[in-house]
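Data block below; observations after.
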Number of protein chains: 2
Amino acid sequence: MSGVRSKGDQAETAADTGGDRRLRADAKRSIDALMQAAREVFASSGVDATVREIAERAGVGMGTLYRHFPQRADLITAVLHSEMDACSDAAATLAAKHPPFEALAAWMQRYADLVGTKRGLAKALNSGDPVFEGLLTRFEERLRPAVRPLFAAAIVAGEIEPDTDADEILCAVSSLCMSAYDAKPEHARRMVALFIDGLRRPVKGSSSH
Amino acid sequence: MSGVRSKGDQAETAADTGGDRRLRADAKRSIDALMQAAREVFASSGVDATVREIAERAGVGMGTLYRHFPQRADLITAVLHSEMDACSDAAATLAAKHPPFEALAAWMQRYADLVGTKRGLAKALNSGDPVFEGLLTRFEERLRPAVRPLFAAAIVAGEIEPDTDADEILCAVSSLCMSAYDAKPEHARRMVALFIDGLRRPVKGSSSH
DNA sequence: ACCTGAACACCGTTCAAGT
DNA sequence: ACCTGAACACCGTTCAAGT
């Protein structure tokens, strides 16, 4: 009986983002390759892509895929979680690199891409399978807190109206992309840009001569 | 070269309702059996039911199924068309048998059942496959005209407000059933009944003593 | 502990063979 | 002209065999 680390040892489904929980090196490599391959294949062939296609592209056998992702749905879930997290993380990065309004606008484009892509995937999600439990939850719980500071900064800088409702904007942008994104991604992006630009108002300090 | 009947000979997909367009007796029997079997199987096992299961229940071979319905989706479409038509036809029947308001209320229950059932099927429809072309069109174009007389009659009889919007009611009832029907059909029916009852107002003639 | 790939069960669809 | 059912291609998933 080695006393330390007694419970929480059975994390069957591969970790979400790139979780490295005491895996052997080859295992971690397999998981990374699979998720990368899934990302690419889902992007090019859509959600209906075959597990075989993914395994082949990742350069691993079928058994390896199923060892880390017991069901096809688990791979989809993992990929979506990872993409959502990446989008959330982009908020801080953009905030550090750009002035408030530009950061907000840039992140919205990032978000538009995510939703546009997710729509292809979401089709399978809305099928009601409980396998996809907590995906929308994560969507709301990680993305919203991430974007709030962007709005706050733009408001403090006086670049958008102080009563701008972040949730409303997020909702508008996503529904805007849901409908038309995969037909004309460029068109969707342009509409998002127009929409976000409409929020802008002249900065206080610079316009008073 | 037999001169008569030169064009329009290639009606591949089996007719919609029970279309008897110069089929041999056994062919018609097969089609009827298949549609009836599909109706039952879809109702009990959902839209994901197997073609094999349907063929077996209908007592025909796989080839027979595919002779009349070249794709699985064609069977679904045919069944839905048939159920929509049946629901439309029920309007006239009910109008003949009941007083205006009762006919309207009864038809709404019929409609609730259709939508509740259709929801299970519609899941597959919203997949975007162009195979299901024109299903919603038919839904709107046959059902709405069928129900309009029911509203008109109830309005003339003074049993509901004259400005009642039929489309609004249809929309409300269907969205009411979309969400909760297959979990609790009885509950959905009760809510529809309550809703429709709310439209009623005291009849002019009888309340003036 | 992890990987591989042939094998399994099952699906939609086809087609040679019958009447 | 219509029917039958074995056969095909393909899918998600499993498992004995390897290192």
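Chain letters run A, B, ... following the sequence lines, proteins first and then strands; every chain starts at 1. Quantities reported herein were computed from a predicted structural model and do not represent experimental measurements.
If you check the side chains of B:R39 and B:S82, you find a donor sitting under 3.5 Å from an acceptor.
Annotated stems with DNA chain C as a participant read C:4-8 with D:12-16, C:12-16 with D:4-8, given as range with range, by first number; only runs of 3 or more Watson-Crick or G-U pairs under 3.5 Å qualify.
Looking at B:I169 and B:I196, their side chains come closer than 4.5 Å, going by heavy atoms from C-beta outward. Two residues are said to be in side-chain contact when any heavy atoms from C-beta on lie closer than 4.5 Å; B:F69 and B:V51 fail this criterion. Proximity of A:R52 to A:L65: side-chain heavy atoms (C-beta onward) are nowhere separated by under 4.5 Å. Annotation: side chain of A:F151 is not in contact with side chain of A:D165 (no heavy-atom distance under 4.5 Å).
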Output a table of donor-acceptor pairs, distance under 3.5 Å, between side-chain atoms of residues 91-100 of chain B and any protein atom two or more places apart or on a different chain; print 'none' if there are none.
unit_1	atom_1	unit_2	atom_2	d
B:T93	OG1	B:D89	O	3.3

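Within the structure, every side-chain polar atom (N or O) of A:H68 is placed at least 4.0 Å from both OP1 and OP2 of C:dC2. The side chain of A:T50 places no N or O atom within less than 4.0 Å of a non-bridging phosphate oxygen (OP1 or OP2) of D:dC10.
The CZ atom of B:R29 sits 18 Å away from the P atom of D:dA1 (whole-angstrom rounding). Distance B:F69 CZ to D:dC3 C1': 15 Å, rounded to the nearest Å. As a whole-Å value, the separation of B:D48 CG from D:dC11 P is 18 Å. C:dC3 atom C1' lies 13 Å from atom CD1 of A:I31, rounded to whole Å. Rounded to an integer number of Å, the gap from CD1 of B:I54 to C1' of C:dG12 is 12 Å. Atom pair B:L75:CG and C:dC11:P shows a separation of 16 Å (rounding to whole Å applied). When rounded to the nearest whole Å, the span between CD of A:E56 and P of C:dC3 equals 18 Å. Atom pair B:E53:CD and C:dG12:C1' shows a separation of 14 Å (rounding to whole Å applied).
Each of B:R24 and B:L65 has a nearest nucleotide on DNA chain D; the 5'-most of these lies closest to B:R24.
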Could you go through nucleotides 13-17 of chain D and list every protein N or O atom that sits under 3.5 Å from one of its N or O atoms, giving the distance for each pair?
unit_1	atom_1	unit_2	atom_2	d
D:dT13	OP2	A:Y66	OH	2.6
D:dT13	OP2	A:R72	N	3.1
D:dT13	O5'	A:Y66	OH	3.4

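We find that A:R57 and A:E40 are joined by a salt bridge, their nearest charged nitrogen and carboxylate oxygen being less than 4.0 Å apart. Electrostatic pairing of B:E161 and B:R200 does not count as a salt bridge here, judged by no charged N lying under 4.0 Å from a carboxylate O.
In this structure, A:E159 contributes its side chain and A:F101 its backbone to a donor-acceptor pair below 3.5 Å.
Taking only side-chain atoms of B:R67, from C-beta outward, the nucleotide of C:dG12, D:dC2, C:dT4 with the closest atom is D:dC2.
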